[in-house]
Amino acid sequence: MRIGNDMIDVETALAAPPTEFVNEYSERDIILYALSVGAGSHPERPEQLRFLYEGAVGFSPLPTFIAQPAVRAVMERALVGAVAPGLHFGLDAIVHGEQATYLLEKLPTSGRLVHSLRVKEIFDKGANALVVLRVDTSDGITGKPLAINDLSIVVLGAGGWGGERGIPSKISIPDRPPDILTHEPIQPSQALLHRLCGDMNPLHADPAFAAIFGFPQPILHGLCTFGFAGRVVVETCLEGDPTRLRSFRARFVEPVIPGDLLCIEAWREGESRVLLRATVPARNKLVLSNAVAELKV
């Protein structure tokens, strides 16, 4: 008997060999990404220039930049209904649920990336399913492993076959004021800018497509909110040094709407760990939870 349903063949998906894909990026891509996640919006933080100007001392990509190629590959495959063998759904059935990015080496300022995509885990959440995709990324020239991305996508209407539900993780925020509090303006054009970094899902541009999901207007990419929070960690906790971020993960609770004012709070736990959450106070919404940054000391 097949495990799963018409949208997900669990055994086939988990047993399928990895799919390899390649992409190249330049200094312009690094700068575009930094702008799309709000770099430059705080003139009092001069360290932002190292992500925005190729002539700056220490010019380098923000560490969350490496998540973009992984998500781009998934979205391109979802566009034609071919994310991976055993997965039979398109863009109109998926929502980005969680993201975890692990940095293994310093990212070059340009180069060729080789990615290996496979289905890591599949959970039955009742009405929906949760599919965890793993992307291993290496330097296309040296072969050195650079990063690992775990992309969790909620597949609407794909649950209910009686599979494992998984154990949800929960990060407890300390019962004290945050060590860092910053307000990040989300420009009305933020989603339109961020989609140029690779995630061309019409959910972030097309009002009619957004309406399919019940949204009154296009929403911001979860990965853009992820990038905003990751940038805040680098700028406020790591003195602008992106090489000191070991990993960053977060759960997307509610969508951010272009034009929102995002409030990001962070709590230090010793020297090597930062807990975060992001809210939109004007709408009384928690938008980013279970966010943890692991730091190199």
Side-chain angles (χ1 to χ4, degrees), residues 30 33-34 36-39 42 45 47-48 50-51 60-72 74 96-107 113 115 120 132-137 145-153 168-174 178-182 184 186 194 197-199 220-253 256 262-279 286-297:
I30 290 172
Y33 173 78
S36 81
V37 296
H42 292 275
R45 300 179 193 166
E47 64 276 2
Q48 293 182 89
R50 71 183 301 174
F51 309 120
S60 63
L62 282 162
T64 50
F65 169 81
I66 199 62
Q68 285 299 135
V71 174
R72 176 179 180 178
V74 172
H96 197 169
E98 298 184 34
Q99 177 71 32
T101 299
Y102 306 90
L103 290 310
L104 307 178
E105 292 286 344
K106 180 180 179 180
L107 302 179
L113 301 175
H115 314 275
K120 179 185 176 185
V132 183
L133 303 168
R134 167 151 290 190
V135 181
D136 294 281
T137 299
L146 293 177
I148 299 170
N149 279 284
D150 283 344
L151 166 66
S152 299
I153 57 175
S169 61
K170 182 173 176 58
I171 303 298
S172 297
I173 295 295
D179 298 306
I180 296 161
L181 187 153
T182 181
E184 303 288 328
I186 306 299
H194 188 75
C197 296
D199 183 352
L220 190 68
H221 307 67
L223 208 61
C224 187
T225 306
F226 183 81
F228 265 82
R231 175 180 57 78
V232 167
V233 171
V234 172
E235 292 174 356
T236 63
C237 300
L238 301 179
E239 299 176 328
D241 183 357
T243 65
R244 290 179 55 200
L245 184 65
R246 186 184 303 277
S247 68
F248 185 49
R249 60 187 173 93
R251 178 176 300 157
F252 309 124
V253 183
V256 174
L262 191 64
C263 175
I264 297 176
E265 301 167 282
W267 291 262
R268 299 178 187 269
E269 281 200 334
E271 296 182 354
S272 62
R273 186 173 161 98
V274 178
L275 308 181
L276 300 95
R277 72 179 172 203
T279 60
L286 174 67
V287 296
L288 198 71
S289 72
N290 272 40
V292 182
E294 302 287 350
L295 317 178
K296 297 177 184 178
V297 294

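Note that this is a predicted model, so its numbers are computed, not measured. Values reported hereafter were calculated over all heavy atoms of this structure, with side chains retained and with hydrogens, waters and symmetry mates removed.
- For the pair Arg251/Ser169, a side-chain contact is recorded, criterion being any heavy-atom separation below 4.5 Å from C-beta on.
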Show me, pair by pair, the donor-acceptor contacts under 3.5 angstrom made by side chains of residues 61-68, not counting sequence neighbours?
unit_1	atom_1	unit_2	atom_2	d
Thr64	OG1	Tyr33	OH	2.7
Gln68	OE1	His194	NE2	3.1

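- Between Gly240 and Phe51, the shortest heavy-atom contact is O-CZ, 3.6 Å.
- A distance of 11.5 Å separates CD1 of Ile30 from SG of Cys197, quoted to the nearest 0.5 Å.
- What you find for Gly198 and Arg72 is that their closest heavy atoms are O-CG, 3.4 Å.
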Checking Ile171 against Ser289 for the side chain to side chain contact (heavy atoms under 4.5 Å, CB included) test, could you report, in this order, the C-alpha distance in whole Å, the side-chain angles of both residues, the deciding distance, and whether it holds? CA-CA 8 Å; Ile171 303 298; Ser289 72; over 6 Å; no
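- Put simply, CG on Asp241 and NZ on Lys106 are 8.5 Å apart, with the number rounded to the nearest 0.5 Å.
- Separating the CD atom in Glu265 from the CD1 atom in Ile180 is a distance of 11.0 Å, to the nearest 0.5 Å.
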Check the pair Val292 / Leu275 against side chain to side chain contact (heavy atoms under 4.5 Å, CB included), numbers first and verdict last. CA-CA 5 Å; Val292 182; Leu275 308 181; 3.9 Å; yes
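- Using a 4.5 Å heavy-atom threshold, the side chains of Leu107 and Ser60 count as separate.
- Counting only heavy atoms from C-beta outward, the side chains of Leu151 and Gln99 approach each other to under 4.5 Å.
- With Arg268 contributing its side chain and Asp179 its backbone, the two residues share no donor-acceptor pair below 3.5 Å.
- Between Leu286 and Ala278, the shortest heavy-atom contact is CD1-O, 3.5 Å.
- Comment: Asp150 engages Arg134 in a salt bridge, judged by a side-chain N to carboxylate O separation of less than 4.0 angstrom.
- Of all the heavy atoms in Phe248 and Ala291, the pair that sits closest is CE1-CB, 4.3 Å.
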Where do Leu295 and Arg244 land on the side chain to side chain contact (heavy atoms under 4.5 Å, CB included) test, with the steps shown first? CA-CA 6 Å; Leu295 317 178; Arg244 290 179 55 200; 5.5 Å; no
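- Using a 4.5 Å heavy-atom threshold, the side chains of Tyr102 and Glu294 count as separate.
- Rounded to the nearest 0.5 Å, atoms CZ (Phe252) and OG1 (Thr225) are 7.0 Å apart.
- The two residues Cys237 and Val274 come nearest to each other via the heavy atoms SG-CG2, 4.0 Å.
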Run the numbers on Leu223 and Asp199 for side chain to side chain contact (heavy atoms under 4.5 Å, CB included), then give the verdict. CA-CA 9 Å; Leu223 208 61; Asp199 183 352; 5.8 Å; no
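- Within the 4.5 Å cutoff, the side chain of Thr101 has heavy atoms near those of the Phe226 side chain.
- The line from OG1 of Thr137 to CG of Leu113 is 6.5 Å long, rounded to the nearest 0.5 Å.
- Asn149 contributes no side-chain N or O that, together with a main-chain N or O of Ala70, makes up a donor-acceptor pair within less than 3.5 Å.
- The closest side-chain heavy-atom distance from Ile148 to Asp136 is below 4.5 Å.
- Counting heavy atoms from C-beta outward, Val256 and Phe228 have side chains that stay 4.5 Å or more apart.
- A distance of 7.0 Å separates NE2 of His96 from OG of Ser152, quoted to the nearest 0.5 Å.
- Heavy atoms only, all atoms of each residue included: Ala229 and Leu288 are closest at CB-CD2, 3.7 Å.
- No side-chain heavy atom of Val234 sits under 4.5 Å from any side-chain heavy atom of Arg50.
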